J.: 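Starting off with a structure, shown below.
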Amino acid sequence: MGVPLRDLLKDYRTVTGWEDLRGIAAVDAFNTLYQFLSIIRQPDGTPLVDGSGRVTSHLSGILFRNMNFIQKGIRPVYVYDGRPPEFKEGTIEERRVVRDTAREQWREALERGDIQEAAKHARASSRIDTGVIDTSKRLLRLMGIPYIEAPSEGEAQIAHMVMQGSAQYAVSQDYDTLLFGTPVLVRNMTISGKRKLHGRLITVSPEKILADRVFSGLSISRMDLIRIGILVGTDFNDGVPGIGPKLGLRAVREGRFDAIVSERMPDVDVPDILDFFEHPPVTDDYSLGWEEPDTDGIISMLCGEYAFSEERVRKVLGAEVTGTGQKTLSSWF
DNA sequence: CTTTACGA
DNA sequence: TCGTAAAGG
């Protein structure tokens, strides 16, 4: 989900080449995992699974994407969500119901033989459980890629790391990191550059959003963007019906935020949410280090436990080690 | 999503 | 070589 500010920010996206993305990337782990789990599926919605039925879609995504990142000189650090704030409980429960419903609709569509409908519901039924979290961390560790646990929202921690200069940019498909204060957000960090949209195959490239350009272009402050987010809806509150990005921007510019909040959002703890976006729980208690991928360990895990093809795994790992030096991980040190 | 296979 | 379809687990 994420805060629906796409229409407001669409003029501030700039296509970026991979060369500009060299450096440390603070990646929203949950956002990435959800993407992999929902998209890496067969036409009828069945995810990749091993012989025991354990889902492996996320492992495939992590392996191939990160080997590509490494090759391009990108050093990713994955940031996992910690404990969500109290006021997120409603959203969490809402999403659980949506997932469970989708799972049932997936089954029903399959019985009808409606493949397209089945795939749609399958995607919506995706859930990041502890198995997904644990196996993703294990694979990242074997790949020599660091990950950290955020005290609360991963997106807040990512924004903090970019603000501190510990990372060059935030990676997420959602815009929430901008509310949390990241100076730079990069979306569409995808290698293949292709995506199905309305049945058509379109080209997608990494796009960069610079917070300062957004603020100066719209003549608003970061706090104003947070206020607009609250009016249109965030992970922590429902938006006001009838107020989208356009009206939200106008309302905040005209100083009507407080009035709308008191009139239309009587049950929302707006001061706490504002404060959470402005001063979220974050930590500086981490250290980042990248190491050479443990080829044997990765093969042992993916091929030995999760039925990956050893030929494919060796190939993607070998391409990295075989380089002439410039593209290898060791060239970072 | 990313890789791989395959026909133009 | 390129573009599209299918596979991967």
Side-chain angles (χ1 to χ4, degrees), chain A residues 2 16-18 21 25 27-74 76 78 106 110 115-116 118-129 131-136 138-140 142-143 145 171-174 186-207 293 295 297-323 327:
Chain A
T16 310
W18 291 105
L21 297 172
V27 183
D28 181 347
F30 270 59
N31 189 267
T32 302
L33 289 172
Y34 185 81
Q35 211 104 330
F36 287 153
L37 289 175
S38 62
I39 292 168
I40 303 179
R41 290 171 181 270
Q42 295 183 330
D44 71 349
T46 308
L48 300 188
V49 290
D50 68 4
S52 315
R54 293 178 299 185
V55 174
T56 56
S57 296
H58 61 301
L59 299 177
S60 179
I62 288 169
L63 176 71
F64 289 115
R65 179 176 292 181
N66 284 305
M67 289 312 294
N68 275 293
F69 280 179
I70 290 170
Q71 234 164 8
K72 293 177 187 301
I74 295 164
Y78 282 77
W106 176 20
L110 273 183
I115 301 298
Q116 286 211 328
K120 189 181 83 179
H121 294 306
R123 285 194 296 274
S125 74
S126 304
R127 175 167 189 270
I128 302 173
D129 58 21
V132 168
I133 293 169
D134 292 346
T135 50
S136 66
R138 196 171 145 220
L139 180 55
L140 286 173
L142 288 169
M143 295 183 74
I145 294 167
V171 177
S172 178
Q173 287 302 98
D174 295 339
V186 178
R187 302 179 66 251
N188 300 339
M189 286 279 287
T190 156
I191 309 299
S192 65
K194 289 169 189 169
R195 190 171 297 167
K196 291 193 297 284
L197 193 63
H198 306 134
R200 297 224 184 299
L201 209 61
I202 61 160
T203 303
V204 289
S205 308
E207 62 183 36
T295 302
I298 293 169
I299 289 172
S300 172
M301 175 183 176
L302 296 183
C303 308
E305 298 175 42
Y306 293 100
F308 276 59
S309 152
E310 186 162 335
E311 188 186 349
R312 284 183 116 223
V313 175
R314 272 195 193 283
K315 185 173 178 186
V316 66
L317 295 174
E320 152 63 9
V321 181
T322 310
K327 289 179 175 177

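Keep in mind it's a predicted model, so treat the numbers as computed, not measured. Throughout, a chain's letter reflects where its sequence line sits, starting with A, and its residues are numbered from 1. Excluded from the calculations below are hydrogen atoms, water molecules and symmetry mates; all remaining heavy atoms, backbone and side chain alike, are included.
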J.: Which pairs, with at least one residue in residues 29-39 of chain A and sequence neighbours excluded, count as a side-chain hydrogen bond (donor to acceptor under 3.5 Å, both in side chains)?
T.: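 Of all non-adjacent pairs touching residues 29-39 of chain A, those that pass side-chain hydrogen bond (donor to acceptor under 3.5 Å, both in side chains) are A:N31-A:D174.
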J.: Run the side-chain donor-acceptor check on residues 59-67 of chain A: report pairs under 3.5 Å with partners two or more places apart or on a different chain.
T.:
unit_1	atom_1	unit_2	atom_2	d
A:N66	OD1	A:Y78	OH	2.8
A:N66	ND2	A:I62	O	2.9
A:N66	ND2	A:Y78	OH	3.3

J.: Reading DNA chain C from 5' onward, which residue's closest nucleotide shows up sooner: A:K194 or A:L302?
T.: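 With A:K194 and A:L302 compared, the 5'-side residue is A:K194.
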J.: Listed by chain and number, what are the side-chain contact (heavy atoms from CB on, under 4.5 Å) partners of A:Q116, not counting sequence neighbours?
T.: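 A:Q116 satisfies side-chain contact (heavy atoms from CB on, under 4.5 Å) with A:D114 only.
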J.: List in numerical order all residues of residues 57-66 of chain A for which some heavy atom is under 4.0 Å away from an atom belonging to DNA chain B.
T.: A:F64, A:R65
J.: For a quick check of understanding: with a heavy-atom distance under 4.0 Å over all strands, which category does A:Q35 fall into, base, sugar-phosphate or nothing?
T.: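 Nothing, no nucleic acid heavy atom in range.
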J.: Could I get a table of every N or O pair under 3.5 Å where one atom is in the protein and the other is in nucleotides 5-8 of chain B?
T.:
none

J.: When you list every nucleotide of DNA chain C with an atom under 4.0 Å from a heavy atom of chain A, which one comes first 5' to 3', and which comes last?
T.: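 So the contact region on DNA chain C extends C:dT4 to C:dG9.
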J.: Which pairs with one or both residues in residues 119-128 of chain A pass salt bridge (Lys or Arg N to Asp or Glu O under 4.0 Å), sequence neighbours excluded?
T.: A:E117-A:K120
J.: Just jot down the side-chain hydrogen bond (donor to acceptor under 3.5 Å, both in side chains) partners of A:T16, sequence neighbours excluded, or say none.
T.: none
J.: Just to verify, what does A:I40 make a side-chain contact (heavy atoms from CB on, under 4.5 Å) with, not counting sequence neighbours?
T.: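 Counting only residues at least two positions away or on another chain, A:I40 forms a side-chain contact (heavy atoms from CB on, under 4.5 Å) with A:F36, A:L48, A:S57.
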J.: Taking only residues two or more places apart in sequence, or in another chain, which ones meet A:D50 in a salt bridge (charged side-chain N to carboxylate O under 4.0 Å, His left out)?
T.: A:R54
J.: Mind checking salt bridge (charged side-chain N to carboxylate O under 4.0 Å, His left out) for A:R187 and listing every partner two or more places apart, or none if nothing turns up?
T.: A:E207
J.: Under the rule for salt bridge (charged side-chain N to carboxylate O under 4.0 Å, His left out), what residues qualify as partners of A:R138, not counting sequence neighbours?
T.: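 With sequence neighbours excluded, A:R138 shows a salt bridge (charged side-chain N to carboxylate O under 4.0 Å, His left out) to A:E305, given in chain and number order.
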